[in-house]
Amino acid sequence: MELRHAEGSLGTAVQKEFKADSSCASAISPSPNVSERACPADILLLHYTGMIDGPSALKWLCNPDSKVSCHYFVDEEGKVTQLVPEAVRAHHAGVSSWEGTTDINSRSIGIEIVNPGHEHGYREFPDGQIAAVIELSWDIVSRHKIKPHHVLAHSDVAPMRKQDPGEKFPWEELYEAGIGHWIAPAAIGDGALLQPGDSGPAVAAMQAALRDYGYGQAVNGVFDEPTIAVVTAFQRHFRPVRVDGIADHSTLRTLERLFSSRPS
Ligand SMILES: [Zn+2]
């Protein structure tokens, strides 16, 4: 999809040292895996690294063979390293979609947060790391005027493929610090309301609400695999106590409240 020559020459250019865009960054580690933005950044996209440890993840993100990168990297002690200048497109989102657009790398600034992730021993994010993520995110959303509902998880934009940063990520804490859109989830009550295999107008209405919030959700009235993935992604971000892809009352209520409180 991208012109390798353009990518290569730009990559060479940014392999040189550059000046950090954020005062939160205390180190620079240039990644060659970059390209030109097609539009300005209006999304802040959060990830976990999902690798055994931080140093291997940082190395991978700067390795030309990996073809991946991000703008910022936050280790478990809260040290922030910048890999790619914000003006340039980093390669962290992959095949993804939000609000009907698919070039999420062009639209976003990406932060990789060190955590082994679901495959290598998913664990709580240390307080110092989260404090650093909050400070950095605040700086980025302020400078780029990123809307609260444009602070997203990788799993929000790629629900079929990604789980990060996952249900242990403290979105509520970010919200309390003024970052992101969040609402207290409705309490878990009795059983499922809509579940995989169901079909009809109620499923279509839920799909439409998820789509209208921004998810890449088709409205076909069938609670199919892609719908399970989107409901699961929604739960990881907004109703993390139970992540099962089943649209129980609490999930639907939380979606409804979130949607109606969405800032314009
Ligand atoms: Zn990710």
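Indexing begins at 1, ligand by ligand and atom by atom, following the structure's order. All values below were derived from every heavy atom in this structure, side-chain atoms included, with hydrogens, water molecules and symmetry-related copies excluded.
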Exercise. Between His118 and Tyr48, is the ring centre distance below 6.0 Å?
Worked result: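 Yes.
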For this session: Determine whether Arg239 and Asp248 make a side-chain contact, defined as any pair of heavy atoms from C-beta on separated by less than 4.5 Å.
Result: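 Result yes, sub-4.5 Å side-chain heavy-atom pair found.
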Exercise. Are the charged groups of Glu99 and Arg107 less than 4.0 angstrom apart, N to O?
Worked result: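 Answer for the salt bridge query: yes.
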Problem set entry | Minimum-distance N/O/S atom that His154 presents toward the Zn ion (ligand 1) |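 The nearest such atom is ND1.
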Exercise. Looking at His47, which of its N, O or S atoms is the nearest one to the Zn ion (ligand 1)?
Worked result: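 The His47 atom nearest to the Zn ion (ligand 1), restricting to N, O or S, is ND1.
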For this session: May I ask you to check if any N/O/S atom from His92 comes under 2.8 Å of the Zn ion (ligand 1)?
Result: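 Within the cut-off used here (under 2.8 Å), His92 places no N, O or S atom near the Zn ion (ligand 1).
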Exercise. So, is Asp164 placed with an N/O/S atom under 2.8 Å from the Zn ion (ligand 1), counting both backbone and side chain?
Worked result: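 Asp164 does place an N, O or S atom closer than 2.8 Å to the Zn ion (ligand 1).
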Problem set entry | Ring geometry between Trp98 and Tyr215 (parallel below 30°, tilted from 30 to 60°, perpendicular above 60°) |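 Rings of Tyr215 and Trp98: perpendicular, over 60°.
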